[in-house]
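Here's the structure, in structure tokens; my notes come after.
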Amino acid sequence: TRLQGDWSSDVCSSDLLRVVGPWEITGLDPSRAGYLFSRHGVSETLLDIAEDGNPTPALATHWEVSADQRHWRFHLRPQARFHDGSPVTPQAVAAALQFARRKPGGMGLVPLEAIDAGTDVVDVHLAADFAALPAVLAHSSAQILAPASYSTGGSVRRVIGSGPYQLTGIEPPQRFSLARSPHWDGSHPAIAAVDYLAVGRGESRALLAESGQADIVYGLDPASWQRLKRHARLQVHSVPLPRTIYLKLNAGHRWLAELPLRQAISLAIDRAGIAHAILRDPQAAASQLLPPALAQWHDADLPAMGQDIAVASQRPAADGIRVRQGAKGGERLALTLRTFPDRPELPIIAAAVQEQLRQVGIAVEVLLGNASDVPAAHRQGTLELALGARGYGIYADPMVTLLQDFGPEGGDWGAMNWGNQTVPAALAALQGPLRERDRHALRRTVTRTLHEELPVIPIAWNLLAAAVHPALRGFTLDPLERSYRLERLSWGEA
């Protein structure tokens with residue numbers, strides 16, 4: 001399908017907004033790249049989430065919960081229409097949620113007993129308590145698409161949402177175009193059309209902003225962010241995110257199964273240096289996995305993670321790399337570290353970690369690939385180390401992400417072959433009705449155990465930065481990265 005935008009032009013149009021980001025379109029299913037369509041206002045979820053983390057209306061105008069927390073009734077917005085003109089019915093909502101349950105995402109964690117469609121309500125019946133249900137229903141993987149979006153087996157063949165913008169063209173993995181939906185039941189956006197382009201290199205994204213060939217550029221690397229802040233004809237916005245850059249480890253690996261080695265890796269990392277020199281933000285050095293923005297989960301009493309080369313080092317061989325003696329003779333301590341350039345700071349941090357680990361006798365080979373390589377290597381059992389960035393605010397309740405990452409089986413972006421039972425048990429207990437004092441104690445158990453046993457190793461906390469055309473009005477950043485708020489934007493004078 002041909003797209004509308006002229007990416008060689010530096011003239012802004014009141015009818016078109018050109019958006020650039022690092023995220024490729026990896027599929028149409030909500031469980032894959034659904035966040036791209038929800039961020040751009042194409043699709044909606046049953047609930048939304050306010051910046052304070054509380055659920056707010058979306059397709060559901062209001063809801064009720066039974067005394068035992070097992071029955072949730074959602075009342076739908078009566079005039080909501082999908083982009084093909086069909087009404088958003090309880091039957092369509094129930095079917096979309098059932099499809100989502102079969103795919104990766106938070107719906108698979110819900111102890112669902114049944115989803116019933118009434119006249120204008122959707123009833124969700126749970127087999128057990130699950131306090132994080134609103135957070136799951138508000139996630140992009142649980143977005144509601146029209147019945148015509150799905151094949152008979154539930155795979156998504158078209159993205160037909162109910163938001164203010166509808167999809168008019170798509171060229172995976174890089175581009176799609178949007179137009180105002182005539183079926184939107186809210187106030188029509190001032191901007192009539194949007195083009196999105198995925199650009200992998202951070203330097204290229206920054207150049208598109210500087211040259212005026214893009215109107216909004218997300219995912220600025222720290223060096224470009226600092227440079228563009230001084231650009232006379234750009235707005236540059238940033239906001240701290242509940243997102244952590246970290247090392248994921250295979251705790252079943254013959255080396256990494258040993259807690260002292262995981263501790264040595266942690267002690268070798270110069271978090272303050274990485275935050276200052278690479279991220280250009282001294283406050284970004286992570287002292288623990290969950291940042292202060294997640295106040296209920298951040299434990300200010302934990303000892304900060306710092307660098308201690310003397311403690312981390314251990315009798316190296318002649319080339320400076322440790323050797324373990326075994327039945328087949330000496331084996332050099334050599335590991336591979338996977339990362340990806342979607343977040344432009346990651347390859348640079350990987351190079352820094354590589355050198356810092358070399359200084360304590362650990363050889364690291366950095367493999368730069370796609371983000372999908374990390375979960376693929378996890379599932380194949382071949383992953384040793386990976387450098388990634390995990391958003392603990394992608395669900396309004398961080399417990400959902402923690403359940404995915406540190407449940408009994410671990411997770412693609414969390415623990416791997418970690419035999420701990422304390423954290424899964426605490427997370428399971430948190431799903432039930434508890435006094436706040438007991439919830440606080442369980443959260444502390446989770447954060448302290450992760451801090452001490454290091455199934456993943458935190459390095460830095462992250463922020464979101466964007467460069468914006470000076471004539472664009474109403475731009476704000478969502479600290480939960482749920483929406484680009486395009487429907488609020490308009491063009492003015494530069």
Side-chain angles (χ1 to χ4, degrees), residues 25-49 55 58-60 63 71-77 80-128 130 132-163 165-167 170 172 176 181 183 372 375 379 394-396 400-401 403-404 411-412 482:
I25 310 153
T26 55
L28 300 182
D29 195 279
S31 66
R32 295 179 63 83
Y35 65 92
L36 279 174
F37 301 118
S38 58
R39 288 178 185 178
H40 284 83
V42 175
S43 51
E44 296 183 275
T45 47
L46 204 53
L47 303 179
D48 204 346
I49 299 294
L59 281 173
W63 54 96
H71 176 203
W72 297 65
R73 170 163 287 183
F74 299 93
H75 298 258
L76 300 184
R77 208 166 69 225
R81 294 287 184 275
F82 291 114
H83 297 150
D84 60 1
S86 63
V88 179
T89 63
Q91 291 74 21
V93 171
L97 294 178
Q98 291 285 14
F99 286 138
R101 190 185 179 200
R102 305 173 195 169
K103 299 169 184 176
M107 281 299 294
L109 299 171
V110 177
L112 191 62
E113 191 171 83
I115 302 177
D116 296 327
T119 303
D120 60 355
V121 299
V122 175
D123 291 306
V124 176
H125 301 272
L126 303 180
F130 192 75
L133 181 64
V136 171
L137 293 177
H139 189 255
S140 62
S141 61
Q143 65 190 235
I144 309 302
L145 302 180
S149 299
Y150 301 94
S151 67
T152 304
S155 61
V156 176
R157 56 187 181 184
R158 298 169 61 196
V159 178
I160 307 173
S162 57
Y165 287 100
Q166 65 184 29
L167 196 65
I170 185 165
F176 59 76
S181 170
H183 304 290
S372 59
R379 294 170 192 173
I394 56 174
Y395 292 92
V400 181
T401 304
L403 278 167
Q404 290 179 317
D412 289 349
R482 293 179 47 79

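By convention here, the first residue in the shown sequence is residue 1.
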Quick check for you: to the nearest 0.5 Å, what is the distance between [X] atom [atom1] and [Y] atom [atom2]?
X      : Y      : atom1 : atom2 : result
Leu46  : Gln143 : CG    : CD    : 12.5 Å
His75  : Thr119 : NE2   : OG1   : 11.5 Å
Ile115 : Leu97  : CD1   : CG    : 4.5 Å
His40  : Leu167 : NE2   : CG    : 10.5 Å
Asp84  : Ile160 : CG    : CD1   : 4.5 Å
Thr401 : Ile394 : OG1   : CD1   : 4.0 Å

Specify the closest pair of heavy atoms between [X] and [Y], including all atoms of both residues, with the distance to one decimal.
X      : Y      : result
Pro90  : Gly118 : CG-O, 3.4 Å
Ala396 : Ala135 : N-CB, 3.8 Å
Ser181 : Gly163 : CB-O, 3.7 Å
Phe99  : Gly154 : CE2-CA, 3.4 Å
Leu76  : Val88  : CD1-O, 3.9 Å
Ser31  : Pro104 : CB-O, 3.3 Å

task = Mind checking side chain to side chain donor-acceptor pair (under 3.5 Å) for Ser155 and listing every partner two or more places apart, or none if nothing turns up?
result =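 With neighbours one apart ignored, the set is Ser151.
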request  = Check side chain to side chain donor-acceptor pair (under 3.5 Å) between His183 and all other residues, then give those that pass, not counting sequence neighbours.
outcome  =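 Side chain to side chain donor-acceptor pair (under 3.5 Å) check on His183 returns nothing, list empty.
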Would you say the side chain of [Y] lies within less than 4.5 Å of the side chain of [X], judging by non-hydrogen atoms?
X      : Y      : value
Pro55  : Ile49  : yes
Trp72  : Leu137 : no
Ile144 : Ser162 : no
Ile170 : Phe37  : yes
Thr26  : Ser372 : no
Leu145 : Val156 : yes

request  = If the plane angle is over 60° it's perpendicular, under 30° parallel, otherwise tilted; pick one for His139 and Tyr395.
outcome  = parallel
Parallel, tilted or perpendicular: rings of Trp63 and Phe74 (30°, 60°) =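 Because their plane-to-plane angle lies in the 30° to 60° range, the rings of Phe74 and Trp63 count as tilted.
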More than 12 heavy atoms from other groups under 6.0 Å of CZ on Arg81 =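 Yes - once you tally the heavy atoms of other residues, nucleotides and ligands closer than 6.0 Å, there are more than 12.
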key: CZ (Arg77) with more than 12 external heavy atoms under 6.0 Å   = yes
key: Residue pairs fulfilling salt bridge (Lys or Arg N to Asp or Glu O under 4.0 Å) with at least one residue in residues 102-128, sequence neighbours excluded   =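 For residues 102-128: Asp29-Lys103, Arg73-Asp123.
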request  = Check the pair Val136 / Phe130 against side-chain contact (heavy atoms from CB on, under 4.5 Å), numbers first and verdict last.
outcome  = CA-CA 10 Å; Val136 171; Phe130 192 75; 3.8 Å; yes
key: Short side-chain to backbone donor-acceptor contact, Ser149 and Arg158, under 3.5 Å   =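 Yes: the side chain of Ser149 pairs with the backbone of Arg158.
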